[in-house]
Protein chains: 2
Amino acid sequence: MLPRRPLAWPAWLLRGAPGAAGSWGRPVGPLARRGCCSAPGIPEVPLTRERYPVRRLPFSTVSKQDLAAFERIVPGGVITDPEALQAPNVDWLRTLRGCSKVLLRPRTSEEVSHILRHCHERNLAVNPQGGNTGMVGGSVPVFDEIILSTARMNRVLSFHSVSGILVCQAGCVLEELSRYVEERDFIMPLDLGAKGSCHIGGNVATNAGGLRFLRYGSLHGTVLGLEVVLADGTVLDCLTSLRKDNTGYDLKQLFIGSEGTLGIITAVSILCPPKPRAVNVAFLGCPGFAEVLQTFSTCKGMLGEILSAFEFMDAVCMQLVGRHLHLASPVQESPFYVLIETSGSNAGHDAEKLGRFLEHVLGSGLVTDGTMATDQRKVKMLWALRERITEALSRDGYVYKYDLSLPVERLYDIVTDLRARLGPHAKHVVGYGHLGDGNLHLNVTAEAFSPSLLAALEPHVYEWTAGQQGSVSAEHGVGFRKRDVLGYSKPPGALQLMQQLKALLDPKGILNPYKTLPSQA
Amino acid sequence: MLPRRPLAWPAWLLRGAPGAAGSWGRPVGPLARRGCCSAPGIPEVPLTRERYPVRRLPFSTVSKQDLAAFERIVPGGVITDPEALQAPNVDWLRTLRGCSKVLLRPRTSEEVSHILRHCHERNLAVNPQGGNTGMVGGSVPVFDEIILSTARMNRVLSFHSVSGILVCQAGCVLEELSRYVEERDFIMPLDLGAKGSCHIGGNVATNAGGLRFLRYGSLHGTVLGLEVVLADGTVLDCLTSLRKDNTGYDLKQLFIGSEGTLGIITAVSILCPPKPRAVNVAFLGCPGFAEVLQTFSTCKGMLGEILSAFEFMDAVCMQLVGRHLHLASPVQESPFYVLIETSGSNAGHDAEKLGRFLEHVLGSGLVTDGTMATDQRKVKMLWALRERITEALSRDGYVYKYDLSLPVERLYDIVTDLRARLGPHAKHVVGYGHLGDGNLHLNVTAEAFSPSLLAALEPHVYEWTAGQQGSVSAEHGVGFRKRDVLGYSKPPGALQLMQQLKALLDPKGILNPYKTLPSQA
């Protein structure tokens with residue numbers, strides 16, 4: 001079966017990506033970055049509709065009567081000021097821009113329900129938006145879709161101190177939830193670089209993976225319940241707080257990872273693991289990728305149940321976080337670096353396990369240099385090296401981003417392959433990511449967008465991935481950017497069933513149009 | 001780094017576990033039981049269609065031409081011998097009986113596809129059957145549905161020795177898969193009493209919970225891919241072996257827990273955790289349910305990441321496994337018993353954690369007596385006490401079974417409530433189950449089925465559960481028995497969407513009819 005071929009990108013696809021100073025600490029959130037983007041000297045992001053071959057579907061346009069109706073539904077929560085609409089129209093990577101003229105800020109699921117009922121009746125398209133930190137353009141309008149922001153739906157609804165089950169509104173910021181549950185001796189089952197801005201509803205809608213996936217698994221397992229407003233305004237209440245519930249089809253699963261195209265998630269019930277008493281991070285240098293893989297196998301065996309992350313990055317990533325963010329490597333220069341985190345209930349036991357492991361990998365030459373942290377400040381510093389690679393890349397120039405699932409043994413081959421293939425046409429080709437999950441972030445930077453570079457990358461990268469039975473989107477999702485490459489990882493029968501589900505749940509197609517599903521089908 | 005502490009086991013831990021000769025060990029599988037059921041003196045199970053108010057839907061009946069077509073599709077795999085059809089027409093609990101006249105035994109998904117294409121064209125109803133170990137009558141025909149057995153689809157397709165990802169056909173028996181992956185230093189992420197008979201396809205189709213749920217979570221998280229044959233014979237290939245894959249809607253989730261009503265699972269890709277190097281089981285007596293709960297909290301804190309099971313049973317359960325299965329209690333008589341299992345990578349560390357925990361709970365009076373096992377034989381003996389309760393109950397008389405999810409604090413109240421409510425009308429009212437998951441198995445036995453006892457139980461138990469926002473089916477599913485009580489745990493909007501999904505995927509309703517969805521809707 002031949003995969004569907006991607007769109008041939010036209011020449012007018014563009015450049016873009018800012019720059020600024022930075023240091024250790026949190027990644028600069030999208031809102032902060034966006035703030036700086038209106039500063040003079042930073043080029044405006046081209047309109048998506050002008051840059052991509054996409055045609056507006058025959059939705060209605062927002063009228064004065066619509067605005068009046070919205071004002072009745074969410075008094076004070078209707079934003080039409082063009083200045084205030086600039087940021088939410090542009091994606092985090094600053095390569096997509098919609099031209100929405102209305103942003104709505106409901107506080108409750110009832111308000112979301114009334115909004116959608118109105119939009120459904122009036123055939124108005126809606127773009128749900130959480131923290132707007134997505135990598136694939138799923139959270140910004142393509143044309144003039146109404147932006148429905150979850151920002152004011154930010155209340156914790158309940159927390160059970162024995163089971164660790166948190167129920168909250170969709171607009172809660174992940175980092176704030178982390179703080180909330182950590183004060184109660186639990187942690188969130190997911191963590192990602194964008195935590196300071198991303199919303200839990202967006203995390204669930206995009207089935208976010210992130211840094212704790214290796215230990216706590218997928219949101220399909222940790223999310224216990226959802227409240228979702230369907231396209232016609234119906235509130236679907238599956239917001240249970242039960243570990244187990246086999247009463248019929250597990251409907252919430254449909255919405256996890258559907259990117260707001262089947263319904264808008266308004267509340268989430270999620271299982272939080274107990275806060276580990278001891279967290280250790282080791283940052284190690286490896287002489288080659290074979291040694292990275294062997295370190296991983298050794299680590300799984302020797303650290304067992306306390307292993308909570310196994311991340312890797314190559315030497316070029318380290319150079320870029322050094323150059324653009326002024327973060328210095330804590331270990332000797334190496335071809336590869338791995339970050340290993342352990343989380344456990346007994347500091348002494350964990351230290352002993354980690355100590356033996358480090359002795360072994362250093363003794364056997366799998367690792368040539370390393371450092372370790374147990375205090376929170378140094379732990380954060382080591383994590384920053386890995387978490388801020390995305391930011392460093394975005395300061396390096398135009399970034400071609402790929403987020404692939406591959407068999408671990410072949411994970412780095414595509415990076416080597418691309419370096420040879422692209423030669424001096426690329427500025428940098430880097431590989432990093434969640435090795436423990438078989439998830440490679442493959443990024444190519446260039447001074448500016450170039451159609452010929454793109455043609456050298458695509459469909460090659462997708463074909464290579466399909467040849468390994470890999471996934472062309474491991475965790476970033478599909479959004480607007482990847483919707484025409486789904487066929488590399490999913491057979492036609494699956495794509496057809498996805499279209500049928502969309503037609504069933506959103507027959508008018510008003511929810512996040514131009515996203516997730518292939519454009520032609 | 002703390003030095004390793006010498007083990008300081010209390011004296012009673014060194015006591016050997018008692019046991020009547022030959023009676024410990026594996027639960028007797030349903031096939032063995034069924035074999036004995038044709039023995040003289042055991043009454044025949046009444047036909048479901050005569051016992052329950054259910055009407056046959058207007059499906060076709062199997063003709064000679066159909067049989068000839070089936071014989072062409074699965075040569076030698078068409079069973080019509082009435083003797084051979086007796087067992088697969090009766091459920092494990094022996095209270096439901098269909099009158100199917102054909103059982104098909106395909107070996108491949110292509111054969112399943114051809115069978116379903118034929119049945120779809122001819123409007124013939126199909127009842128998929130794995131190990132036939134379900135508790136809710138999902139796996140046996142209600143009328144004359146064709147039984148499609150997965151028994152011959154029992155091949156392992158691949159196993160990846162680094163990632164632990166197993167891909168196999170749906171008819172593999174769970175225990176055989178366990179053996180297969182354990183030889184390769186992994187374990188299956190689920191385990192249940194029926195492991196000797198149940199098929200992995202049935203486990204996934206019913207979203208089985210079981211004994212490892214506390215540690216390894218739901219199948220919605222551990223199943224990575226599925227191959228499913230849809231009602232019209234289309235083969236839906238979502239059989240990826242990737243930890244992460246966000247390319248579109250996660251279609252496989254639809255089929256996990258849908259009990260064969262949306263499609264027939266023909267192959268499964270599942271993530272197996274590494275085999276723990278050390279397994280310890282402690283079997284403890286508690287003076288009251290409050291102490292059971294406190295033991296659980298303490299245990300979560302002190303055992304942390306090595307805790308792999310926390311099960312409980314009441315004194316009546318212990319009496320019944322003693323009376324019917326001749327298993328003797330390994331500890332002093334107590335109102336409640338808990339079974340705690342740890343699984344870890346370092347025997348010394350685990351023993352130390354468990355030792356400190358036991359010292360604490362014994363010292364504080366939460367636990368009054370206990371025994372411990374590390375060697376496999378004794379571990380199995382202790383587990384048998386918990387795993388074989390179902391079997392003991394089935395030998396106690398007619399069993400009214402409830403499988404509830406409840407807030408842990410209220411978990412046992414319904415047992416106490418029912419004992420008072422039923423008085424001498426019930427033979428025994430027992431509570432046991434997966435306390436760590438908030439899952440109570442509430443069982444009531446009587447000499448024989450009695451409508452008045454049923455009326456005292458239902459809807460009372462369901463209303464009580466709904467009053468606690470609980471689930472009326474935590475892990476057993478819906479099947480035929482529970483389809484009309486879904487409304488206690490799911491709102492009308494959810495039930496409607498379930499019906500819509502059924503209509504989309506199986507418009508003729510030929511897949512496992514009379515199951516899962518409410519009968520009236």
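Computed from a prediction, not measured in an experiment: that's the story for all the values here. The chains referred to below are lettered A, B, ... by the order of the sequence lines, with proteins before strands, and numbering in each begins at 1.
A:Gln500 and B:Leu504 get closest at one heavy-atom pair: CB-CD1, 3.9 Å. Between A:Ser345 and B:Gly301, the closest heavy-atom pair is CB-O, 4.4 Å.
Across A:Gly257, A:Gly344, A:Gly209, the residue that shares the most heavy-atom pairs under 4.5 angstrom with chain B is A:Gly344. Note: A:Arg277 leads A:Arg215, A:His476, A:Arg277, A:Glu259 in heavy-atom pairs under 4.5 Å with chain B. Each of A:Thr234, A:Leu501, A:Ile306, A:Thr516 has some count of heavy-atom pairs under 4.5 Å with chain B, and the biggest count is that of A:Leu501.
In summary, the side chains of B:Glu409 and A:His160 do present a donor paired with an acceptor at a separation below 3.5 Å, with no hydrogens or angles considered.
Residues from residues 240-253 of chain B that place a non-hydrogen atom less than 4.5 Å from a non-hydrogen atom of chain A comprise B:Leu242, B:Arg243, B:Lys244, B:Asp245, B:Asn246, B:Thr247, B:Gly248, B:Tyr249, B:Asp250, B:Leu251, B:Gln253, given in numerical order.
Taking 4.5 Å as the limit, every side-chain heavy atom of B:Leu236 sits out of range of all side-chain heavy atoms of A:Gln496.
Heavy-atom distances place no part of A:Tyr216 under 4.5 Å from chain B, backbone and side chain included. Of the atoms belonging to A:Asn439, it is side-chain heavy atoms, and not backbone ones, that fall under 4.5 Å from chain B. Interface remark: A:Leu404 contributes no atoms to any contact with chain B (heavy atom separation under 4.5 Å).
In this structure A:Phe357 satisfies the ring pair (Phe, Tyr, Trp, His ring centres under 6.0 Å) test with no other residue, sequence neighbours excluded.
Interatomic distance, NE2 of B:His349 versus CD of A:Glu352, reported as 3.5 Å (0.5 Å rounding).
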